[in-house]
Amino acid sequence: MASVILHKARKKRLEQGHPWIYNNEIERVEGEPQPGSLVRIMDYRQRFLATGYYNPASQITVRAVSYLELEAMDTAFFEHRFRECLLHRNRFVADDAYRLVYGEADFLPGLIVDRFGEVLVVQILTLGMDRCRDSIVEALVSVMNPAGIYERSDVPVREMEGLEQVKGPIYGNPPRFVTVKENGLLISVDIEQGQKTGYFFDQRENRASTAPLMTGWGAKSGIELQEIPSEDGSVRTAPVNRNGKEVTFPYWDGATVLECFSHTGSFTLHACKYGAKKVTCLDISEHAIESARQNAELNGFQDRVEFVVADAFEYLRSQVKGLNERSLRAAGSDKADTSVPMTAGGGRTWDVVILDPPAFAKTRGAVKGACRGYKDINLHGMKLVNEGGYLVTASCSYHMRPDLFLETIQEAAADAGKILRLVEWRAAGKDHPQILGVDEGHYLKFAIFEVRSKQF
């Protein structure tokens with residue numbers, strides 16, 4: 001087996017758990033390793049550090065897969081790793097749908113496997129893993145006994161490894177649509193045309209954490225629980241409005257909710273499950289909204305959800321513009337000409353606004369623009385939150401570090417004239433473990449803020 005000798009002056013990232021070796025960290029290569037083959041990783045004193053796979057065409061030239069001497073990544077190797085992955089998920093996840101293999105965090109860099117009940121979806125991202133695809137499939141069949149395996153390696157990062165983008169079934173006859181459970185909800189997933197592998201499992205626990213936000217709003221509408229005498233002389237407790245009439249709508253105490261960047265409508269489904277009164281589910285993609293609509297119907301929530309196909313940035317701005325125009329008219333401002341119809345549409349507000357956008361910063365150079373994007377949606381989003389309501393916001397951009405994310409939201413709050421109280425701060429779920437020292441795995445930031453004006 002060939003060896004890769006590392007520079008003396010390099011940062012000791014490998015010793016701290018980071019599996020990536022960049023080309024500028026390599027002093028020399030001893031032997032003639034084939035692209036994708038295993039190599040020994042040695043320090044400058046020729047001391048063994050780890051075994052990894054090699055690709056001179058990639059800036060990340062070696063990715064460590066074991067801190068022991070390893071002869072081959074064969075079927076037995078993958079079976080052992082997959083059993084460890086399954087043990088971890090069985091311990092922490094009650095559902096049968098989750099991320100089974102999470103690349104570097106499961107000591108299998110370049111490999112993603114998502115489980116959707118009896119169907120597996122695989123992403124093979126690197127040359128080293130691509131050379132092992134037969135062993136990977138054999139091991140998955142041995143450990144998981146799936147009905148089918150579908151490959152979604154249709155991602156541009158493969159091209160950086162000298163690989164083509166590919167997708168399609170690689171075992172059995174996996175159906176295009178699979179229905180799984182998450183937190184007791186039924187979710188239909190399009191594994192062929194959905195984003196990435198079809199669904200984002202990393203927000204499972206975060207979606208569940210919104211439960212306390214969805215009830216407790218009836219009093220703001222003048223609805224209170226009161227004792228009402230029955231005809232038989234007994235007394236029962238029921239919700240009553242300001243006019244003294246009993247409210248029969250079962251979700252009278254629920255929140256009004258706006259979910260932007262909804263994808264399959266996962267936050268919308270959770271909002272309805274936890275008692276929301278009305279949810280606006282918004283995405284720019286017709287396909288995403290159709291998926292969200294089907295999921296709402298699957299769970300019987302269609303009567304409480306309105307679906308909007310629109311650009312979230314434009315939608316939020318239009319609602320804020322309408323809100324401002326309504327405020328000027330209500331205040332009798334000279335700037336508002338009430339003799340003509342309102343020029344802006346919208347002007348709606350919600351008790352809870354949820355922002356779960358795609359990654360705005362996919363490279364370090366995109367961070368400045370990403371900050372503008374995050375500030376824009378959070379600024380307009382918090383302006384549309386009713387007093388004392390909640391802003392639920394997330395970022396899945398690794399390059400948007402947690403402190404910068406919070407700083408950006410704070411700047412938005414200052415410009416909006418709002419005071420934010422942080423009540424929840426979370427990362428990715430337990431099926432997305434994080435290795436200390438591998439900062440790239442710490443990508444997801446999730447926060448819940450109470451939104452207040454300065455009028456208290």
Side-chain angles (χ1 to χ4, degrees), residues 187 194-196 199-200 202-203 206-207 209-210 213-214 255-274 276-293 295-296 301 304-323 344-361 369-386 389-397 400 405 408-409 412-413 415-416 418 420 424 426 444-451:
I187 298 173
Q195 294 182 35
K196 294 191 176 180
Y199 190 70
F200 298 107
D202 53 1
Q203 295 266 36
N206 300 342
R207 288 186 274 262
S209 74
T210 64
L213 313 182
M214 299 305 162
T256 56
V257 180
L258 167 64
E259 181 193 5
C260 295
F261 312 98
S262 66
H263 190 220
T264 55
S266 52
F267 276 101
T268 289
L269 299 179
H270 284 75
C272 289
K273 175 186 176 180
Y274 299 136
K277 176 166 56 181
K278 189 72 175 180
V279 183
T280 303
C281 180
L282 180 147
D283 199 283
I284 196 171
S285 165
E286 293 267 9
H287 179 271
I289 287 299
E290 183 56 33
S291 296
R293 181 180 285 107
N295 283 325
F301 299 150
R304 284 186 284 152
V305 183
E306 63 170 341
F307 298 94
V308 179
V309 178
D311 178 274
F313 287 89
E314 295 178 1
Y315 184 84
L316 292 171
R317 290 193 199 103
S318 70
Q319 297 301 326
V320 170
K321 186 177 180 181
L323 185 64
R348 297 173 62 187
T349 59
W350 291 266
D351 298 320
V352 180
V353 172
I354 301 172
L355 306 173
D356 184 22
F360 290 163
C371 288
R372 290 194 296 269
Y374 285 115
K375 181 177 179 180
D376 190 292
I377 60 169
N378 282 281
L379 170 68
H380 291 94
M382 67 181 70
K383 283 184 176 181
L384 300 176
V385 175
N386 293 327
Y390 295 89
L391 174 70
V392 180
T393 184
S395 167
C396 60
S397 300
M400 189 74 176
F405 183 56
T408 301
I409 294 174
D415 288 356
K418 302 292 184 179
L420 301 184
E424 190 92 38
R426 307 176 68 90
L444 183 62
K445 285 78 58 181
F446 175 88
I448 298 177
F449 295 98
E450 183 193 52
V451 182

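The first residue in the sequence is number 1, and the count goes up from there.
Taking the salt bridge (charged side-chain N to carboxylate O under 4.0 Å, His left out) definition, one finds that Asp376 meets it with Arg317, sequence neighbours left out. Residues that satisfy the side chain to side chain donor-acceptor pair (under 3.5 Å) test with Glu306, not counting sequence neighbours, are Thr280, Arg348.
Side-chain contact between Leu258 and Tyr315 is present, with at least one heavy-atom pair separated by less than 4.5 Å.
Side chain of Asn206 to main chain of Arg426: no donor-acceptor pair is present (N/O by atom type, distance under 3.5 Å, no hydrogens or angles). A donor-acceptor pair under 3.5 Å is formed between the side chain of Glu259 and the backbone N or O of Thr268. In terms of modelled atom types and a separation under 3.5 Å, the side chain of Thr256 and the main chain of Trp350 share no donor-acceptor contact. Within the 3.5 Å criterion, the main-chain N or O of Cys272 finds a donor-acceptor partner in the side chain of Arg304. For the pair Gln319 (side chain) and Gly347 (backbone), a donor-acceptor distance under 3.5 Å is present.
Between Phe360 and Phe261, the ring planes lie perpendicular to each other; the angle is over 60°, past the 30° to 60° tilted range.
To the nearest 0.5 angstrom, Asp283 atom CG is 12.5 Å from Glu290 atom CD. In this structure, the separation between CZ on Arg207 and NZ on Lys273 is 12.0 Å, given to the nearest 0.5 Å.
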Test side chain to side chain contact (heavy atoms under 4.5 Å, CB included) applied to Cys396 and Phe200, step by step:
CA-CA 11 Å; Cys396 60; Phe200 298 107; over 6 Å; no
